[in-house]
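Notes for the one structure printed next.
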Amino acid sequence: MKDLNTFTPLFQPSAEGGTPRHLVPVLRAPNKRDAAAIHTLVSQCPPLDLNSLYTYLLLSEHFRDTCVVAEDSDGIEAFVSAYVPPGRADVLFVWQVAVHERARSKGLARHMLTDLLRRPELGGIKYIETTVDPDNHASRSLFASMARQLGAHSFETSLFEGHLFGMQQHPDEPLIRIGPFRPA
Ligand SMILES: CC(C)(COP(=O)(O)OP(=O)(O)OC[C@H]1O[C@@H](n2cnc3c(N)ncnc32)[C@H](O)[C@@H]1OP(=O)(O)O)[C@@H](O)C(=O)NCCC(=O)NCCS
């Protein structure tokens, strides 16, 4: 399997001279016209919590510098939302990572996180933080893989315990903190 971290986007010219097909997804910041497609994608990626469409509009409009979508000829196939917590300029908090089933296990989620860290405006980031459901092995493997790639330690502490979710039956969401690593 090819590692997307070594890819640059490739295009396959169509035989009829029409729109070229993307052979690997193109990564870019989202914009507000993407919010409905992102909402649909997240709805197809259990066990993620589906937020309101308005949340994805806000993320695409106000937090686009810290979010990324992957798009191929079939549309948006992956999305990462993240933000820099107020007053903590060296931390990127990763909120949701959603990769459509058709695009999984090709290194896309890791590639998108790496892409974010390479953005000039995020050049001062030294820590990634996220919360993960202890039973979500794919998510835990993704962040363990990121820690290895960054050559950084990973620490786990409690953050949002199940009882904080009120009447929802929600598992604990412990915090994973990766770093410090050298700014990209
Ligand atoms: C979790 C998810 C984002 C991973 O996306 P992906 O593009 O398939 O992940 P990658 O291919 O970049 O894999 C990154 C690492 O995680 C590992 N991994 C990915 N899916 C895995 C799985 N189902 N089980 C175990 N490990 C897995 C890969 O082996 C890789 O590790 P490596 O670098 O040591 O080989 C995707 O499965 C998904 O969208 N799941 C549903 C939503 C979700 O749970 N999101 C995470 C919450 S933040």
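Remember, it's a predicted structure, so these values are computed and weren't measured experimentally. All residue numbers in this chain count up from 1 along the given sequence. Both ligands and their constituent atoms are indexed starting at 1 by order of listing.
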Task: Sub-4.0 Å protein heavy atom near atom 35 (O) of ligand 1 - done: no

Open item on the list: Let me confirm one number: the CG-CG distance from Leu164 to Leu159, rounded to the nearest 0.5 Å.
Closed with: 8.5 Å

Open item on the list: Using a 4.0 Å cutoff against the non-hydrogen atoms of Ser105, which atoms of ligand 1 qualify?
Closed with: 6 (P), 8 (O), 11 (O)

Open item on the list: Heavy atoms only: which of Ser139, Ala138, Ala144 lies closest to atom 22 (C) of ligand 1?
Closed with: Ala138

TODO: Would you mind running through ligand 1 and noting each atom that sits below 4.0 Å from a heavy atom of Ala98?
DONE: 39 (O)

Task: Phe93 and Tyr83 aromatic ring geometry - parallel, tilted or perpendicular at 30°/60° bounds - done: tilted

Open item on the list: Using a 4.0 Å cut-off to any heavy atom of Pro47, which atoms of ligand 1 qualify?
Closed with: 44 (O)

Task: Taking atom 11 (O) of ligand 1 as the reference point, the nearest protein heavy atom with its distance - done: Gly107 N, 2.8 Å

Task: Cluster check Leu150, Tyr127: I/L/V/M/F/W/Y, side chain < 4.5 angstrom - done: no

Task: Taking atom 14 (C) of ligand 1 as the reference point, the nearest protein heavy atom with its distance - done: Leu142 CD1, 3.8 Å

Open item on the list: Students should be able to answer this: which protein heavy-atom is nearest to atom 37 (O) of ligand 1, and at what distance?
Closed with: Arg104 CD, 3.4 Å

Open item on the list: In the complex you have, is atom 2 (C) of ligand 1 within reach of the protein, judged by whether a heavy-atom distance drops under 4.0 Å?
Closed with: no

Task: Thr55 side chain to Ser52 side chain, donor-acceptor N/O pair below 3.5 angstrom - done: yes

Task: Any donor-acceptor N or O pair under 3.5 Å, side chains Asp49, His170 - done: yes

Open item on the list: If I take atom CZ from residue Arg102 and atom CG from residue Asp74, how far apart are they, to the nearest 0.5 angstrom?
Closed with: 5.0 Å

Open item on the list: Among all protein heavy atoms in this structure, tell me which lies nearest to atom 9 (O) of ligand 1, with the distance rounded to 0.1 Å.
Closed with: Ala109 CB, 3.7 Å

Open item on the list: Nearest 0.5 Å, please: how far is CG in Asp65 from CG in Leu116?
Closed with: 10.0 Å

TODO: Mark up the atoms of ligand 1 that fall under 4.0 Å of a heavy atom belonging to Lys106, in ascending order.
DONE: 11 (O)

Open item on the list: Suppose we measure from atom 44 (O) of ligand 1 to each protein heavy atom; which comes out shortest, and what is that distance?
Closed with: Asn136 ND2, 2.7 Å

TODO: Looking only at protein heavy atoms, identify the closest one to atom 32 (P) of ligand 1 and say how far it is in Å.
DONE: Ser145 OG, 3.7 Å

Task: Option passing side-chain contact (heavy atoms from CB on, under 4.5 Å) with Leu27 (candidates Thr114, Leu108, Val80, Val69) - done: Leu108

- [ ] For atom 26 (N) of ligand 1, find the nearest protein heavy atom and state the residue, atom name and distance (0.1 Å precision).
- [x] Ser141 OG, 3.1 Å

Task: NZ/NE/NH1/NH2 to OD/OE distance under 4.0 Å, Asp34 and Arg64 - done: no

- [ ] Specify the closest pair of heavy atoms between Ser154 and Ala147, including all atoms of both residues, with the distance to one decimal.
- [x] CB-CB, 4.2 Å

Task: Closer than 4.0 Å: a protein non-hydrogen atom to atom 28 (C) of ligand 1 - done: no

Open item on the list: Quick test: of every protein heavy atom, which one is nearest to atom 45 (N) of ligand 1, and how far off is it to 0.1 Å?
Closed with: Val97 O, 2.8 Å

- [ ] Within a distance under 4.0 Å of any heavy atom of Pro46, pick out the atoms of ligand 1 and give their elements.
- [x] 41 (C)

Task: Ile178 CD1 to Glu156 CD distance, which is reported to the nearest 0.5 Å - done: 10.5 Å

Task: Atom indices of ligand 1 within 4.0 angstrom of Arg148 heavy atoms, with elements - done: 32 (P), 34 (O)

